[in-house]
Amino acid sequence: MQAVDKDEAAKSWEAEWSLLPHGEASQIDGITLEKQTCSLWEKIWAFQARPDDLLIASYPKAGTTWTQEIVDLIQNDGDVEKSRRSPIQQRQPFLECTRDPQPKGVDQADAMPSPRTLKTHLPVQLVPPSFWEKNCKVIYVARNAKDNMVSYYHFQRMNKRLPDPGSWDEYFEVFLAGKVIWGSWFEHVKNWWRKKDSHPILYIFYEDMLKDPKREIRKVIEFLGKNLKEEVLDKIVYHTSFDVMKNNPMTNYTHDKHLNYKLSPFMRKGIMGDWKNQFTEAQNKKFNEDYEKHMADTSLTFCMEP
Ligand code: A3P
């Protein structure tokens, strides 16, 4: 009897999801953003950062949630129960998020006592100027473009808040042209990389976190000025591993009716090199040519081969 009820519930939920409209896009200063973000742009731009704010910034699908959970556990000295106090999006407001029925990221942040940790996917030139004026610390996490693109494609398929990605072949072109929400991957990673020369930014890489999570978490601990025992560090490594976070309702974004987990889970694969399962040979060739052109003016390098 219960199984039937569950089936029915799943069916009616899926029917509800399929009726939701896809999100729309608009632009601010030539950067494609969610239409709702653009509508609230003046308020976002005027956001007042505080000197002890920590900003976690990234291109979408670069390992933001992973970094957020690591930071939260470090701030709570590895106390897992404290980090499970609420979903990650409530613990660390998403600055440019304006999605109903969630409170707007800026309102949520305004109402929060210090010290705050905030999340953004904004390209560096669109970050509210008060963050630079107040000299806030920033952690930027970057992921190689090919895996980042594949992860973003699957996320757009299951997330009705974002525009319909269309077919993979269509998405490939839109992504390379920098017309996805939050703009060009190339400009995003390069401009944040440049910014770290004049601002306290810890720039980390998804691939390094996969390869040696302990070493990368140590870097974050040091950047935050914390001093944690080795056993606490080990605990953080364990609790931020892919499988543990996938099963943690406070980090896996379940219970969001805009996301369809049957199409693709939020915590999808968590690996490096998945692009090899998605790119055709021709796409890889075109991508490599474009990549070389876009990345010719930066010292920034990425690891794409597992
Ligand atoms: P995949 O879609 O390739 O699996 P973001 O948090 O920026 O949206 O990034 C989501 C991506 O990071 C997803 O990539 C997700 O699986 C991966 N991810 C999240 N937590 C992770 C973890 N603890 N270890 C490895 N990958 C993780």
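Each ligand, and each atom within it, is numbered from 1 in the order the structure gives. Here the structure is a predicted model, which means the values were calculated and not measured.
Which parts of ligand 1 touch T65 is read off a 4.0 Å heavy-atom cut-off, strictly below it: atoms 5 (P), 6 (O). Every atom of ligand 1 with a heavy atom of S241 under 4.0 Å away is listed here by number and element: 23 (N). Close approach of ligand 1 to A62 (heavy-atom distance below 4.0 Å) involves ligand atoms 7 (O), 9 (O). If you number the atoms of ligand 1 from 1 as listed, the ones under 4.0 Å from a heavy atom of K61 come out as 5 (P), 7 (O), 8 (O), 9 (O), 10 (C).
Remark: distances from the non-hydrogen atoms of F155 to ligand 1 are all 4.0 Å or more. Under a 4.0 Å heavy-atom criterion, M267 is in contact with ligand 1. Residue contacts with ligand 1: Y59 is excluded, as none of its non-hydrogen atoms falls under 4.0 Å. Distances from ligand 1 to the non-hydrogen atoms of S58 include no value under 4.0 Å.
Residues forming a side-chain hydrogen bond (donor to acceptor under 3.5 Å, both in side chains) with D297 (at least two apart in sequence, or on another chain): K190.
Note: W66 and Y206 have perpendicular aromatic rings, judged against thresholds of 30 and 60 degrees for the angle between ring planes.
Under the 3.5 Å distance criterion, with hydrogens and angles disregarded, no donor-acceptor pair is assigned to the side chains of S264 and R157. A donor atom on one side chain and an acceptor atom on the other are not found under 3.5 Å apart for D243 and S241. With no hydrogens or angles considered, no side-chain donor-acceptor pair links D110 and Q48 at under 3.5 Å.
Each of F302, F175, F287, W192 was compared with W185 under the ring-ring contact (aromatic ring centres under 6.0 Å, His included) criterion, and only F302 meets it.
Summarising the geometry, atom CD belonging to E24 is positioned 9.5 Å from atom CD belonging to Q36; distances are rounded to the nearest 0.5 Å.
Among the atoms of R268, some N or O lies under 3.5 angstrom from an N or O of ligand 1. In terms of N/O distances under 3.5 Å, ligand 1 is not approached by P60.
Figure legend: K195 and W132 shown as a cation-pi pair, the cationic atom lying under 6.0 angstrom from the six-membered ring centre and within 45 degrees of its axis. Both tests pass for K196 against the ring of W193: distance under 6.0 Å to the centre and angle within 45° of the axis. For the pair K246 and F266, the cation-pi test (distance below 6.0 Å, angle within 45°) is failed.
Judged as a ring-ring contact (aromatic ring centres under 6.0 Å, His included), not a single pair has a partner in residues 228-250 (not counting sequence neighbours).
The nearest protein atom to atom 1 (P) of ligand 1, hydrogens excluded, is given as S151 OG, 3.4 Å; this is a heavy-atom distance. The nearest heavy-atom contact from the protein to atom 17 (C) of ligand 1 is Y206 OH, 3.8 Å. In this structure, atom 22 (C) of ligand 1 lies nearest to the protein heavy atom W66 CD2, 3.4 Å. The single protein non-hydrogen atom nearest to atom 7 (O) of ligand 1 is T64 OG1, 2.4 Å, given as residue, atom name and distance. Nearest non-hydrogen protein atom to atom 15 (C) of ligand 1 is F266 O, 4.0 Å.
For atom 23 (N) of ligand 1, the nearest non-hydrogen atom from the set N248, N252, T251, T240 belongs to T240. With distances taken over non-hydrogen atoms, the option nearest atom 14 (O) of ligand 1 out of R143, M245, K246 is R143.
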